[in-house]
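What follows is one structure encoded as structure tokens, with my remarks underneath.
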Amino acid sequence: MSDVVTMDKVVALAKRRGFVFPTSEIYGGLGSTYDYGPYGTLLKNNVKAEWWRAVVQERDDVVGLDSAILQAPRTWEASGHLESFTDPLVDCKTCGQRFRADQLDEAQCPRKPSVHPGEGPDCELTEARQFNLMLETSLGPVRDEGSIVYLRPETAQGIFANFKNVLQTSRRKPPFGIAQIGKSFRNEITTKQFIFRTREFEQMELEFFVPPPEADRWFEYWLAERERWYLDLGLSADRLRLRPHDPDELSHYSSATSDLEFLFPTGWQELEGIANRGDYDLRRHAEYSGEKLEYFDQGSGERYVPYVIEPSAGVDRSLLAFVVDAYDEDEQEGERRTVLRLHPRLTPVKVAVLPLVRKDGQPELAREVHHALKPLMQSEYDEGGSIGRRYRRQDEIGTPWAVTIDHQSLDDRTVTVRDRDTLAQERVAVDELPAHLRGRLAAS
Ligand code: GAP
């Protein structure tokens with residue numbers, strides 16, 4: 001990542017180019033909630049697809065799940081969330097704002113932004129009290145105590161609740177994992193920082209069930225695997241680090257956790273947590289449901305509750321890290337350009353097809369090329385504005401290759417392929433273009 005990137009620049013680019021919009025903007029927005037625009041949706045889908053490919057598709061020991069956002073309320077008693085999923089909160093009696101007591105040094109006093117809450121001359125903070133982060137709604141026509149349900153604060157519990165179903169139907173035995181991607185909701189006290197921390201977000205979670213004596217080994221294995229995933233997708237090694245939790249930081253279920261942290265413009269922050277959850281979840285759900293949630297090994301006659309290793313990543317947070325890391329500015333032909341040097345597997349658009357001029361049969365050939373590429377990869381046709389401007393537009397959204405149809409193309413059915421990073425132009429026959437681009441994508 002070059003030192004040119006700031007969060008403000010990333011937010012501006014995201015808005016300008018249709019990656020991320022504030023939710024309900026026409027109504028003045030809804031605190032810290034975001035919608036993904038056309039390019040943002042493509043990018044987000046690619047992040048999720050890459051995770052699914054690495055964690056499920058390319059492995060024999062992980063299967064997928066898509067559980068409901070609403071679960072039986074007992075789930076959250078069993079998981080410990082109703083009791084323990086809290087953050088310490090303080091109110092300021094002067095300005096009426098609320099802050100996380102453990103993050104006061106990251107917040108600003110609304111009346112005197114140069115100081116932290118509690119440090120201003122008029123600040124009057126209350127004692128800290130615990131605030132539960134679960135968002136609730138009610139199910140059914142009558143709204144009363146018994147109709148309250150919770151929007152899941154993590155996807156993991158849907159996996160534990162289905163442990164027996166999956167074990168029986170997928171014919172797996174530990175070590176094996178269940179993976180899930182989906183929305184989670186938390187009534188966060190402090191949001192800000194764009195899509196880094198929001199109240200509605202997506203998670204990519206794997207619960208990997210192992211024989212207890214193997215837990216430490218698998219914990220180390222998944223730390224390395226998950227780090228490798230980010231590096232393979234181009235994240236700068238010097239912006240990524242593993243940080244083991246101190247004992248007093250551990251969640252209520254965890255015996256060991258390490259965070260993969262990324263150096264955001266605001267500093268090192270958590271990208272993903274990898275935890276050894278032990279047998280906490282299966283035991284608790286067994287206790288609260290009365291179901292046996294264990295594995296019986298017919299070979300050895302042994303019966304045990306597996307331990308769980310959990311790599312838990314945020315889709316939105318990973319996307320933000322990839323964009324921040326990829327953001328760059330340089331100068332081309334005396335002009336400043338913004339370029340997203342995203343890994344080609346992540347970019348919203350893989351190839352832009354551009355006729356040099358809007359005449360002489362060039363648009364027709366360009367459309368033919370675009371139609372041939374579309375079934376293979378996300379292709380975009382653009383004939384509006386100077387060729388330089390069109391290249392800049394594609395650079396800004398990270399498109400790795402631009403195919404230009406020029407005068408020569410009409411004579412010999414060849415086109416130029418421009419590389420986003422090296423700017424090198426290569427002539428390729430139209431008929432060979434699909435295989436050529438597919439090869440470059442596969443090699444990236
Ligand atoms: N099941 C374990 C679990 O949920 P977590 O550390 O609370 O662990 C895992 O969350 C990941 O989910 C985080 O590392 C982060 O990437 C993402 N995440 C958590 N809260 C978030 C929020 N409010 N907004 C965006 N992403 C969030």
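Atoms within a ligand are numbered from 1 in the order they appear, just like the ligands themselves.
The CG atom of Leu354 sits 9.0 Å away from atom CZ of Arg418, with the distance rounded to the nearest 0.5 Å.
Contact annotation: Asp316 has no heavy atom less than 4.0 Å from any atom of ligand 1.
The atoms of ligand 1 that sit less than 4.0 Å from any heavy atom of Glu154 are 1 (N), 2 (C), 3 (C), 4 (O). Numbered from 1 in the order shown, with element, the atoms of ligand 1 that lie under 4.0 Å from a heavy atom of Glu188 read 20 (N), 22 (C), 23 (N). Below 4.0 Å from some heavy atom of Glu310 lie the following atoms of ligand 1, by number and element: 1 (N), 2 (C). Of all atoms in ligand 1, listed by their number and element, those nearer than 4.0 Å to a heavy atom of Glu272 are 14 (O).
Close N/O approach between Ala156 and ligand 1 is not found [any backbone or side-chain N/O within under 3.5 Å]. Residue contacts with ligand 1: Glu207 is placed with no nitrogen or oxygen under 3.5 Å of a nitrogen or oxygen of the ligand (distance criterion only). For Glu205, a nitrogen or oxygen atom sits less than 3.5 Å from a nitrogen or oxygen atom of ligand 1, counting backbone and side chain alike. Taking only nitrogen or oxygen atoms, main chain and side chain alike, Phe201 does not reach within less than 3.5 Å of ligand 1.
Heavy atoms of Asp259 found under 4.0 angstrom from ligand 1: none, in either backbone or side chain. Only the side chain of Glu270 comes within 4.0 Å of ligand 1, judged by heavy-atom distances. Looking at Arg277 against ligand 1, only its side chain comes within 4.0 Å, counting heavy atoms.
When hydrogens are left out, the protein atom nearest atom 8 (O) of ligand 1 is Ser312 OG, 3.8 Å; that is the closest non-hydrogen contact.
Annotation: cation-pi pair Arg241/Trp268 present, NZ/CZ under 6.0 Å from the ring centroid and within 45° of its normal.
The heavy atom nearest to atom 17 (C) of ligand 1, out of those in Pro153, Ala321, Gly314, Ser184, is found in Gly314.
Heavy-atom contacts from other residues, nucleotides or ligands closer than 6.0 Å to CZ of Arg143 number 12 or fewer.
For Phe185, there are no ring pair (Phe, Tyr, Trp, His ring centres under 6.0 Å) partners two or more places apart in sequence or in a different chain.
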key: Derivation and outcome, side-chain contact (heavy atoms from CB on, under 4.5 Å), residues Met134 and His81   = CA-CA 8 Å; Met134 301 274 281; His81 281 84; 3.9 Å; yes

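Applying the salt bridge (Lys or Arg N to Asp or Glu O under 4.0 Å) test to every pair with at least one member in residues 168-177, sequence neighbours left out, gives no pairs at all.
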